[in-house]
Amino acid sequence: MILVLIGSPNKLGNTYTVVNELLKDIDEEIIYYDAYKSKIKACIDCKYCSSTSGCSIKDEMQDIYQLIEKVDTLIIASPLHFATFTGELINLLSRFQTYYAGKYVRLVNNPTIKKGLLVVTAGGHWPKMFVGVKETFNVVKLLFNIDKTLELLIAKCDEVLPTSSSEFKNRKQEIQLFLGEK
Ligand SMILES: Cc1cc2nc3c(=O)[nH]c(=O)nc-3n(C[C@H](O)[C@H](O)[C@H](O)COP(=O)(O)O)c2cc1C
């Protein structure tokens with residue numbers, strides 16, 4: 001099963017277009033969570049998860065916690081906003097704090113996920129522009145012991161449609177093979 005956590009406010013925008021194109025011919029169960037539709041609250045650092053598994057906030061994140069137990073592949077996809085993930089997606093990701101507490105405070109085994117893919121689209125281009133999203137993705141990798149990962153980071157979407165970019169065209173096949181691997 002592939003779980004896609006997507007943080008674009010634009011259903012017909014750059015990030016959805018890239019993700020849909022990558023997943024078009026993948027023969028797996030695919031579940032999308034749109035951070036802008038789900039309206040998942042940010043972690044409030046209530047310390048509930050320092051002693052108890054799960055989360056004190058009862059919203060749609062509870063469904064994601066259940067899915068995380070079952071997924072083989074996790075895709076995190078977002079436009080770049082102010083050099084990081086979008087606000088609603090960061091809210092959602094902050095709720096993985098329960099797994100951070102599981103690993104480092106409660107000392108339990110978190111669910112493991114086999115494969116991870118990071119997809120980010122950005123309007124502009126400058127050195128180190130993707131440092132922030134890559135670091136956040138590293139934290140997620142650590143929490144679920146994801147050892148096979150790929151990143152598709154597409155800059156200059158203000159100039160060239162992301163699916164017409166050389167980065168997308170050159171990497172599409174590699175990424176589809178990766179997603180289709182058992
Ligand atoms: C609030 C906001 C902040 C943005 N910040 C950045 C940025 O820091 N760097 C950048 O290159 N593009 C930035 N952009 C442009 C988007 O990353 C780019 O247009 C993206 O491909 C949009 O994806 P979408 O169509 O899926 O929403 C920003 C756009 C918005 C609306």
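Just follow the structure's listing: the first ligand is 1, and inside any ligand the first atom is 1. Values in this document were obtained by computation on a predicted structure and should not be read as measured data. Quick note: numbers below take in every heavy atom, side chains included, and nothing from hydrogens, waters or symmetry partners. Position 1 is the first residue of the sequence, and the numbers go up from there.
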Identified side chain to side chain contact (heavy atoms under 4.5 Å, CB included) counterpart of [X] within the set [options]:
X: Thr15; options: Leu80, Asn10, Thr121, Ile154; answer: Thr121
X: Ile2; options: Leu117, Val71, Ile75; answer: Ile75
X: Leu5; options: Asp34, Leu67, Val140, Ile64; answer: Ile64

Quick one: nearest non-hydrogen protein atom to [atom], plus distance?
atom: atom 25 (O) of ligand 1; value: Asn14 N, 2.8 Å
atom: atom 5 (N) of ligand 1; value: Phe82 N, 2.9 Å
atom: atom 29 (C) of ligand 1; value: His81 CD2, 3.6 Å
atom: atom 27 (O) of ligand 1; value: Asn10 ND2, 2.8 Å
atom: atom 12 (N) of ligand 1; value: Gly123 N, 3.1 Å
atom: atom 20 (C) of ligand 1; value: Thr121 OG1, 3.4 Å
atom: atom 6 (C) of ligand 1; value: Leu80 O, 3.2 Å
atom: atom 24 (P) of ligand 1; value: Ser8 OG, 3.5 Å

With respect to [X], determine whether any N or O atom, backbone or side chain, lies less than 3.5 Å from an N or O atom of ligand 1.
X: Ala83; result: yes
X: Gly124; result: yes
X: Cys157; result: no
X: Gly13; result: no
X: Pro9; result: no
X: Tyr16; result: no

>> Tell me the contacting part of Trp126 for ligand 1: side chain, backbone, both, or neither, using a 4.0 Å heavy-atom threshold, strictly below.
In response: side chain
> Which is it for His125 and ligand 1 at heavy atoms under 4.0 Å: side chain, backbone, both or neither?
Replying inline: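 The answer is neither; His125 stays 4.0 Å or more away.
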>> At less than 4.0 angstrom from any non-hydrogen atom of Met129, what atoms of ligand 1 do you find?
In response: 11 (O)
> Around Lys103, counting heavy atoms of other residues, nucleotides and ligands shown, do more than 12 lie under 6.0 Å from its NZ?
Replying inline: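 Enclosed: over 12 neighbouring heavy atoms sit under 6.0 Å from NZ of Lys103.
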> Any chance CG of Leu177 has more than 12 other-residue heavy atoms, nucleotides or ligands included, within less than 6.0 Å?
Replying inline: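 Atom CG in Leu177 is packed in, count exceeds 12.
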> Does the side chain of Ile31 reach to within under 4.5 Å of the side chain of Glu29, using non-hydrogen atoms?
Replying inline: yes
>> My understanding is that only residues two or more places apart in sequence, or in another chain, count here; which of them pass salt bridge (charged side-chain N to carboxylate O under 4.0 Å, His left out) with Arg95?
In response: Asp59
> Are Ile146 and Leu143 joined in one hydrophobic group, where the rule is that I, L, V, M, F, W and Y side chains link up if heavy atoms are under 4.5 Å apart?
Replying inline: yes
> Is Lys156 salt-bridged to Asp158, cutoff N-O under 4.0 Å?
Replying inline: no
> Between Gln62 and Ile57, is there a donor-acceptor pair closer than 3.5 Å when you use the side chain of the first and the backbone of the second?
Replying inline: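 Yes; judged by distance alone, with no hydrogens or angles, the pair exists.
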>> Gln176: which residues meet the side chain to side chain contact (heavy atoms under 4.5 Å, CB included) condition with it, sequence neighbours left out?
In response: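 Once residues adjacent in sequence are excluded, the partners of Gln176 under the side chain to side chain contact (heavy atoms under 4.5 Å, CB included) criterion are Ile26, Lys172.
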